[in-house]
Enquirer: 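Sharing a structure with you now.
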Amino acid sequence: MILHLLFDDKFSDYVIKQFAAKEMQSDFVLVSHTRETKHFKSIDAVKLVNPNESSELEQLLADIGKYSSVIFHGLFHSWQEWLLNRWPEHVKIAWVCWGGEFYGQPDIRTTFLKPLSKCVDWIHRIRHENIQNDNVFPKEVIKKVNYCLTGLDAEYEYVRKYIGTNIIYLPYNYYSIDETLGSLRDARCTGQNIFLGNSATIENNHLETFLRLKRVGIGNKKIIVPLSYGSPWVRNMCLKVGRKLFGTNFCSLLNFMPREEYNATMLDCAVMIQAHLREQAHGNIVTGLWLGMRVYISEKGVDYQHFKSLGVHVFSIERNLTRDNQNALLPLTDEEVAMNRKLLLQNYGAESIKNKLNHLVDVLNK
């Protein structure tokens, strides 16, 4: 049997939905201070453990021996470190890599920033000497993990080499393209606007993209920039610079939106730009491709490598998002959309996700 250790996050409900259907092969524990959760809805399907109550954590550790394996969904919290440092050797450890807990490591963090973003990040840190990255998880503790669960083999290879372990790769996605799209499965983008980034995090490299778009020229198109979560200082910087460069054509999404409403904003866009050098915004990219948007990704990032390896029509920010490219701000052709959808179904369709999940359960239940 597999134990899932969850916390209050929007992905946790997907875990319940996926694994609860696997004939009682999973138990679910939500580690939270309260039943009043912000994102998690399936509270009746989990056992609640308070991380501030040492007796509850100790009882959780004592019960772990009855499981074949445990899946940590993300590694961000001190209670996870506490458990891993006391782990029984016979219980396999699997970790769903969310990225934030890994890519923020001090010795690699700035390698995912383009020059201007790196400069403003450095200035911000100089001004706030005691700033810390709370997401970073101790590298030595990650070495205790047996399996890395991610949807990108390139990300796994990066993690494996950086951590320096023989961690094993298991392909895994929280949801299929059908679940991601919901009622928009048959929809196509019809607008002309530009969807840029996915959050108020410095790794979006917003500033470089703003300046590139200014050089390309956007005409009367709007730039839609999600900033509902991340760092307040990055949000404020984007609002200030974006409004100065583009005026009323700059449109920010500042509040959390349900997935259906969030996806609907993409229908008014012809282009998506994700300038991350690390894995991020993967679900946004898949949705944009399905809806027929011309998706630009930095060719230096793992997402670009991944989608190119699938044969999907994605484009390089560095080489294709230029003023002399007449198609730069146009949506994909019907033929390109059809090809993308075929390839996305092969890799993210319900049957593909089901097969990956079955393999994962077989391996972790042994």
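The structure presented is a predicted model; accordingly, all values stated were derived computationally and were not measured.
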Enquirer: Applying side chain to side chain contact (heavy atoms under 4.5 Å, CB included), run through Val271 and Leu196 and close with a yes or a no.
Expert: CA-CA 8 Å; Val271 168; Leu196 195 163; over 6 Å; no
Enquirer: Relative to each other, are the rings of His128 and His124 parallel, tilted or perpendicular (30° and 60° limits)?
Expert: tilted
Enquirer: Decide, yes or no, whether a salt bridge links Asp362 with Lys366 under the criterion of side-chain N to carboxylate O below 4.0 Å.
Expert: no
Enquirer: Once you measure the plane-to-plane angle for Phe76 and Trp98, does it fall in the parallel (<30°), tilted (30-60°) or perpendicular (>60°) bin?
Expert: tilted
Enquirer: Think Lys92 forms a cation-pi with Tyr147, using NZ or CZ under 6.0 Å from the six-ring centre and within 45 degrees of its axis?
Expert: no
Enquirer: I need the Leu291 CG to Asn340 CG distance, nearest 0.5 Å.
Expert: 11.0 Å
Enquirer: Quick one: side chain to side chain contact (heavy atoms under 4.5 Å, CB included) partners of Thr201, sequence neighbours excluded?
Expert: Ser199, Glu203, Asn204, Gln280
Enquirer: Verify the neighbour count for atom CE of Met237: are there more than 12 heavy atoms of other residues, nucleotides or ligands below 6.0 Å?
Expert: yes
Enquirer: State the CG-CG distance between Leu357 and Asn173, to the nearest 0.5 angstrom.
Expert: 10.0 Å
Enquirer: Please tell me whether Val96 and Leu30 are part of a single hydrophobic cluster in this structure, the criterion being side-chain heavy atoms less than 4.5 Å apart.
Expert: yes
Enquirer: We want to know whether Ser42 and Asp13 form a side-chain donor-acceptor pair, criterion being a heavy-atom distance below 3.5 angstrom.
Expert: yes
Enquirer: Could you give the distance from CZ (Phe19) to CG (Asp27), rounded to the nearest 0.5 Å?
Expert: 12.5 Å
Enquirer: Could you walk me through whether Ile16 and Leu6 satisfy the side chain to side chain contact (heavy atoms under 4.5 Å, CB included) test, starting with their C-alpha distance in whole Å, then the side-chain angles of each, then the deciding distance to 0.1 Å, before giving a yes or no?
Expert: CA-CA 10 Å; Ile16 303 292; Leu6 311 169; 4.0 Å; yes
Enquirer: Are side-chain heavy atoms of Leu364 and Leu170 found at a separation under 4.5 Å?
Expert: yes
Enquirer: Walk me through it: do Glu56 and Leu48 pass the test side chain to side chain contact (heavy atoms under 4.5 Å, CB included)?
Expert: CA-CA 9 Å; Glu56 293 189 22; Leu48 194 67; over 6 Å; no
Enquirer: Would Glu179 and Lys17 satisfy salt bridge (charged side-chain N to carboxylate O under 4.0 Å, His left out), going step by step from the backbone distance to the final call?
Expert: CA-CA 11 Å; Glu179 294 168 302; Lys17 183 177 180 181; 3.4 Å; yes
Enquirer: When you compare the side chain of Thr333 with that of His313, does any pair of heavy atoms fall below 4.5 Å?
Expert: no
Enquirer: If hydrophobic clusters are built from ILVMFWY residues whose side chains come within less than 4.5 Å, do Phe315 and Leu321 share one?
Expert: yes
Enquirer: Evaluate Val302 against Arg278 for side chain to side chain contact (heavy atoms under 4.5 Å, CB included), listing each step before the verdict.
Expert: CA-CA 6 Å; Val302 293; Arg278 49 156 286 191; 5.9 Å; no
Enquirer: Cut-off 3.5 Å, side chains only: do Tyr169 and Glu155 have a donor facing an acceptor?
Expert: no
Enquirer: Establish, from distance only, whether the side-chain atoms of Asp9 and His73 form a donor-acceptor pair under 3.5 Å.
Expert: no
Enquirer: Tell me whether Lys356 forms a cation-pi arrangement with Tyr348, defined as NZ or CZ under 6.0 Å from the six-membered ring centre and within 45 degrees of its axis.
Expert: yes
Enquirer: Decide yes or no for Leu253 and Ser228: does some side-chain heavy atom of the first lie under 4.5 Å from some side-chain heavy atom of the second?
Expert: no
Enquirer: At what distance, to the nearest 0.5 angstrom, does CZ of Phe112 lie from OG of Ser298?
Expert: 11.5 Å
Enquirer: Minimum heavy-atom separation for Phe195 to Asn284, with atom names?
Expert: CE2-OD1, 3.8 Å
Enquirer: Does Arg215 CZ have over 12 foreign heavy atoms under 6.0 Å away?
Expert: yes
Enquirer: When the ring planes of His282 and His306 are compared, do they come out parallel, tilted or perpendicular, using 30° and 60° as the limits?
Expert: tilted
Enquirer: Could you walk me through whether Ser352 and Gln346 pass side chain to side chain donor-acceptor pair (under 3.5 Å), step by step?
Expert: CA-CA 6 Å; Ser352 174; Gln346 290 175 4; over 6 Å; no
Enquirer: Answer yes if the side chains of Gln192 and Asp268 hold a donor-acceptor pair under 3.5 Å, and no otherwise.
Expert: no
Enquirer: Got a sec: does the CG of Asn52 have more than 12 other heavy atoms crowding it under 6.0 Å?
Expert: yes
Enquirer: What about Ile93 and Tyr156, same hydrophobic cluster or not, with Ile/Leu/Val/Met/Phe/Trp/Tyr joined at side-chain heavy-atom distances under 4.5 Å?
Expert: yes
Enquirer: Is Leu239 reachable from Tyr229 through a run of hydrophobic residues whose side-chain heavy atoms are each under 4.5 Å from the next?
Expert: no
Enquirer: Would you say the side chain of Pro115 lies within less than 4.5 Å of the side chain of Glu208, judging by non-hydrogen atoms?
Expert: yes
Enquirer: Can we say Asp44 and Arg35 salt-bridge, meaning some charged N sits less than 4.0 Å from an Asp/Glu carboxylate O?
Expert: yes
Enquirer: Hey, any chance Ile202 and Val225 share a hydrophobic cluster, counting ILVMFWY side chains that come within less than 4.5 Å of each other, even indirectly?
Expert: yes
Enquirer: With rounding to the nearest 0.5 angstrom, report the CG to OG distance, Asn146 to Ser69.
Expert: 9.5 Å
Enquirer: Using a 6.0 Å cut-off, check whether atom NZ of Lys10 has over 12 heavy atoms from anything other than its own residue.
Expert: yes
Enquirer: Which residue in the set Trp82, Phe7, Phe72, Phe137 passes ring-ring contact (aromatic ring centres under 6.0 Å, His included) when paired with His77?
Expert: Phe7
Enquirer: Are Glu318 and Lys114 close enough for a salt bridge, meaning some N to O gap below 4.0 Å?
Expert: yes
Enquirer: Determine, stepwise, if the pair Asp121 / Arg109 fulfils salt bridge (charged side-chain N to carboxylate O under 4.0 Å, His left out).
Expert: CA-CA 11 Å; Asp121 177 74; Arg109 190 185 67 82; 2.5 Å; yes
Enquirer: Kindly indicate whether a cation-pi arrangement holds for Lys139 with Tyr162, taking the cut-offs as under 6.0 Å to the six-membered ring centre and within 45° of the axis.
Expert: yes
Enquirer: Is it the case that over 12 heavy atoms from other parts of the model lie below 6.0 angstrom from the NZ atom of Lys308?
Expert: yes
Enquirer: Set out, in order, the CA-CA distance, both residues' side-chain angles and the distance that settles salt bridge (charged side-chain N to carboxylate O under 4.0 Å, His left out) for Arg188 and Asp334, then state yes or no.
Expert: CA-CA 10 Å; Arg188 281 280 298 273; Asp334 290 344; 3.3 Å; yes
Enquirer: Salt bridge (charged side-chain N to carboxylate O under 4.0 Å, His left out) between Glu157 and Arg160: does it pass, once the steps are laid out?
Expert: CA-CA 5 Å; Glu157 285 295 339; Arg160 183 184 65 80; 2.8 Å; yes
Enquirer: Mind checking the OG1-CD spacing from Thr111 to Gln105? Nearest 0.5 Å is all I need.
Expert: 11.0 Å
Enquirer: Does the structure place the NZ or CZ of Arg319 under 6.0 Å from the centre of the six-membered ring of Tyr296, at an angle of no more than 45° from the ring's axis?
Expert: no
